[in-house]
> 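Take a look at the following structure, please.
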Amino acid sequence: MLNREPAYLPVYFVEARENKPASMPKLLVFSQVRGLHDTVLEEAVNREPAVYRALKAKTDSRAEAVGRYFELSGLKKDDWYLNENGPWARR
């Protein structure tokens, strides 16, 4: 039986270009549905230019999302920082 409730699946998009000045970007797609490299979803998003434009227009960066979370938790900007290993709170 299929569940008709919405499901949210983490998907990672990586922009790739050939090493040519005029090459168009291509999105590589990774999810846990198809063993990490999701070629089915990748083909779908690369077939439709509107999908690429929509993803490119998304401005909610990781740092902004972490900042909003900490702000809602009562931490000030000087109380935390974000590095390559993730967010860290200062003591």
> Working to the nearest 0.5 Å, report the span between CD of Glu42 and NZ of Lys26.
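Result: 5.0 Å between the selected atoms.
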
> Are any of the side-chain heavy atoms of Glu15 and Arg17 separated by less than 4.5 Å?
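Result yes, sub-4.5 Å side-chain heavy-atom pair found.
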
> Do Tyr12 and Val45 sit in the same hydrophobic cluster, where Ile, Leu, Val, Met, Phe, Trp and Tyr count as joined when their side-chain heavy atoms come under 4.5 Å apart?
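No: no chain of side-chain contacts under 4.5 Å links Tyr12 to Val45.
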
> How many angstroms lie between CZ in Phe13 and CG in Asp38, if you round to the nearest 0.5 Å?
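Here the interatomic distance stands at 9.0 Å.
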
> Quick one: does Asn46's side chain have a donor or acceptor within less than 3.5 Å of a partner on Leu27's backbone?
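Flag set: sc Asn46 to bb Leu27 pair under 3.5 Å.
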
